[in-house]
Amino acid sequence: MAAELTAHQLIAQHRPTLDLALETIRTRAYWSPHPEHPKAYGENGSLDTAAGKAAFDALSGTRLDLGQPGTDGWVGGEVSPYGIELGVEYPHADLDVLLPAMQAGQKAWRDAGAELRAMVCLEILKRIADRTMEFAQAVMHTSGQAFMMAFQAGGPHAQDRGMEAVAYAYVEQSRTPETAEWTKPQGKRDPLALTKRFTPVPRGIGLVVGCNTFPTWNGYPGLFASLATGNAVLVKPHPRAVLPLALTVQVARDVLTEAGFDPNLVALAAERPGEGIAKTLATRPEIRIIDYTGSTAFGDWLEANARQAQVYTEKAGVNTVIVESTDDYKGMLANLAFSLSLYSGQMCTTPQNLLIPRDGIRTDQGDRTYDEVTADLARAVDGLLGDDARANALLGAIVNPDVKARLEAAAGLGEVALASREVANPEFPGAVVRTPVIVKLDGAKPEDEAAYTSECFGPVSFAVAVDSADHAVELLRRSVREKGAMTVGAYTTDPEVEEAVQEVCLDEAAQLSLNLTGGVYVNQTAAFSDFHGSGGNPAANAALCDGAFVANRFRVVEVRRPA
């Protein structure tokens with residue numbers, strides 16, 4: 001079948017966007033090709049919001065037939081954290097049929113070259129962006145994010161991260177020229193002359209193991225990094241968050257077909273209840289790259305057992321904020337309150353431990369004791385979430401029963417500075433919505449150490465009393481080294497404390513935010529500018545996104561012959 005999308009058309013449409021992305025990852029300036037406000041999607045935003053909701057609703061009761069080879073049945077059963085059944089069925093694959101079919105298209109995809117692959121990837125992202133409001137609903141009803149966050153994080157921010165991966169992939173593949181003329185002088189004899197051709201070749205099939213909380217934001221970097229470097233990609237979604245990635249696969253297959261490539265370069269591996277196919281897939285010889293976001297236990301298992309694959313993991317860590325002093329006490333409290341509350345703390349970047357000197361801190365409003373800081377932060381969270389409508393818009397819903405159980409158990413770990421409360425959601429009565437809990441612990445007591453040195457994923461934070469700023473820095477270093485951290489924050493007006501915190505983060509490879517008091521939060525990162533994770537501490541072995549994230553997804557093969 002002739003391609004409906006020619007290389008010329010794709011390059012004419014998307015090369016300017018790629019060039020902007022390449023310039024932005026060089027300068028690290030702000031740029032987003034995907035608008036993050038609903039009003040940009042239609043004349044007033046509301047029409048496209050309604051259309052997206054209608055498209056999402058229309059999926060209920062349907063089978064998402066992707067036309068994949070090896071389909072041996074249908075699976076489904078997703079239930080939204082907001083209490084509604086999604087009612088969508090997905091193809092279940094016979095891997096012995098699907099995986100060889102995926103391999104069959106790799107030669108043509110490899111031979112297409114880095115530029116055309118990048119253009120096809122950007123067309124896939126454009127098609128996804130055109131359906132942002134539909135994807136927002138799909139992310140909302142699989143992750144439990146409130147609509148605005150699902151729209152932003154699951155839509156434009158995820159698309160930005162995907163495009164960022166494409167840009168890095170193009171840079172790394174373009175680092176070596178396609179051809180070279182090599183001449184070595186031989187004195188009086190004729191020189192030696194060779195013509196050399198260098199080709200980026202894929203490793204094999206990339207496996208993306210999706211997560212429940214951020215299926216697109218965490219899924220797109222690996223998907224597009226592998227695809228742009230010539231690999232086929234098999235997407236294995238989390239059983240509770242299949243829909244956003246299944247729609248992604250559907251779009252990718254459509255674009256690949258229209259561009260004249262084998263649609264089986266991208267495929268879906270949905271699983272039956274309790275089947276647990278991730279381990280089976282991860283150790284198959286056809287799988288040569290794995291991208292995983294989730295628990296430390298399974299991430300460690302992948303790193304130890306998927307020996308045939310290049311494994312990229314984002315696991316878990318204990319994120320810490322040191323509160324030593326501030327010249328904007330009100331701004332600090334507001335910033336921390338928002339960071340603790342956003343998406344009910346169900347982010348890998350949410351602060352867990354707040355290290356506060358037991359003798360108190362200096363502020364622009366006078367000295368504040370440990371107890372006063374903790375009480376003031378509790379009041380700030382209460383004020384932020386006091387109105388139920390606003391609380392629902394920030395908190396979303398608890399994603400699964402394990403998070404709810406951890407939240408309820410946390411209250412028994414120490415003195416409760418802020419109790420969690422239940423919030424009713426009139427639109428979705430079945431949603432489980434809870435405000436954060438803040439528990440006071442003592443950093444000098446061994447009996448409290450087990451709590452604050454373990455990750456407690458969800459809306460749980462510990463206000464840990466420490467002996468001094470030095471004690472806080474010492475605990476930070478030990479925590480990052482032993483448990484890892486996706487984010488570190490610090491509030492201080494003391495240059496020596498700032499330097500000490502910075503040195504720990506440089507030594508232990510942790511991303512640091514200092515004195516955030518405005519509209520930027522420690523648990524948010526911007527594509528093209530901020531690095532998400534570092535790959536240098538136990539929380540993750542890769543960063544989103546840098547050259548190392550893409551460069552080992554392909555190898556360069558040289559063919560040389562006499563000139």
Side-chain angles (χ1 to χ4, degrees), residues 38 49-50 52-61 76-88 133-155 210-218 237-245 273 337-348 350 381-411 418-438 456-461 523:
T49 303
K53 177 70 163 59
F56 168 77
D57 290 341
L59 292 168
S60 182
E78 288 162 290
V79 177
S80 167
Y82 289 96
I84 64 174
E85 293 186 10
L86 269 60
V88 184
M133 290 302 178
E134 179 185 357
F135 273 77
Q137 293 288 335
V139 170
M140 174 182 174
H141 285 289
T142 51
S143 70
Q145 295 174 28
F147 174 76
M148 184 56 76
M149 184 174 184
F151 157 70
Q152 291 185 332
C211 70
N212 196 173
T213 48
F214 289 89
T216 55
W217 197 97
N218 278 112
H238 191 283
R240 287 192 291 261
V242 182
L243 184 57
L245 291 178
F338 187 91
S339 296
L340 301 184
S341 302
L342 185 62
Y343 184 33
S344 300
Q346 297 170 126
M347 304 171 69
C348 63
T350 300
V381 175
D382 254 348
L384 179 67
L385 303 176
D387 176 76
D388 281 1
R390 182 165 58 179
N392 276 302
L394 282 175
L395 296 170
I398 297 297
V399 69
N400 63 53
D402 291 342
V403 174
K404 181 172 179 283
R406 281 193 293 270
L407 170 62
E408 291 171 348
L418 175 66
S420 176
R421 71 179 181 90
E422 185 174 349
V423 179
N425 188 320
E427 186 178 0
F428 300 105
V432 177
V433 184
R434 298 288 189 275
T435 61
V437 63
I438 300 176
C456 192
F457 184 76
V460 178
S461 291
N523 42 351

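- For Asp387, there are no salt bridge (Lys or Arg N to Asp or Glu O under 4.0 Å) partners two or more places apart in sequence or in a different chain.
- By the salt bridge (Lys or Arg N to Asp or Glu O under 4.0 Å) test, Glu78 pairs with no residue at all, sequence neighbours left out.
- Smallest separation of non-hydrogen atoms from Pro81 and Ser143: CG-C, 3.9 Å.
- The salt bridge (charged side-chain N to carboxylate O under 4.0 Å, His left out) pairs that include a residue from residues 141-150 number zero, where partners must be two or more places apart or lie in different chains.
- Closest of all the heavy-atom pairs between Ala136 and Phe147 is CB-CE1, 3.8 Å.
- Closest non-hydrogen pair, Ala153 versus Gln145, comes out as CB-OE1, 4.0 Å.
- Side chain of Asp388 to main chain of Val423: no donor-acceptor pair is present (N/O by atom type, distance under 3.5 Å, no hydrogens or angles).
- Between Thr350 and Pro459, the closest side-chain pair of non-hydrogen atoms is not below 4.5 Å.
- Using a distance-only test at 3.5 Å, with no hydrogens or angles considered, a donor-acceptor pair links the side chain of Gln346 to the main chain of Val399.
- The side-chain heavy atoms of Tyr82 and Glu427, taken from C-beta on, include no pair separated by under 4.5 Å.
- For the pair Val242 and Pro237, the tightest heavy-atom approach, listed with the atom from each and the gap, is CA-CB, 3.7 Å.
- Considering CD1 of Ile84 and OG of Ser60, their distance stands at 8.0 Å, rounded to 0.5 Å.
- Residues Tyr343 and Thr213 are in side-chain contact: their nearest non-hydrogen atoms beyond the backbone lie under 4.5 Å apart.
- Asn212 meets the side-chain hydrogen bond (donor to acceptor under 3.5 Å, both in side chains) test with Arg240; sequence neighbours excluded.
- Remark: Phe135 pairs with no residue by the ring-ring contact (aromatic ring centres under 6.0 Å, His included) rule, at least two apart or across chains.
- Among residues at least two apart or in separate chains, side chain to side chain donor-acceptor pair (under 3.5 Å) pairs with a member in residues 389-404 are Asn392-Asn425, Lys404-Glu408.
- Expressed to the nearest 0.5 Å, how far CG of Leu385 lies from OG of Ser341 amounts to 4.0 Å.
- Within the 4.5 Å cutoff, the side chain of Ile438 has heavy atoms near those of the Leu340 side chain.
- Remark: Gln137 engages no residue in a side-chain hydrogen bond (donor to acceptor under 3.5 Å, both in side chains) (not counting sequence neighbours).
- Applying the side-chain hydrogen bond (donor to acceptor under 3.5 Å, both in side chains) criterion to Glu85, with sequence neighbours excluded, gives no partner residue.
- Among residues two or more places apart in sequence or in another chain, the salt bridge (Lys or Arg N to Asp or Glu O under 4.0 Å) test is passed with Asp57 by Lys53.
- Applying the salt bridge (charged side-chain N to carboxylate O under 4.0 Å, His left out) definition to pairs two or more places apart or across chains, those involving residues 133-152 are Arg131-Glu134.
- Of all heavy-atom pairs spanning Phe56 and Leu243, the tightest one is CE1-CD2, 3.7 Å.
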Please report, to 0.1 Å, the donor-acceptor pairs under 3.5 Å made by any side chain of residues 428-437, with sequence neighbours excluded.
{"unit_1": "Thr435", "atom_1": "OG1", "unit_2": "Arg421", "atom_2": "N", "d": "2.8"}

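- With sequence neighbours left out, His141 forms a side-chain hydrogen bond (donor to acceptor under 3.5 Å, both in side chains) with Ser80.
- Closest approach of Thr216 and Gly154 over heavy atoms only: OG1-O, 2.9 Å.
- The aromatic rings of Trp217 and Phe214 stand perpendicular to each other, their planes meeting at an angle above 60°, with 30° marking the opposite boundary.
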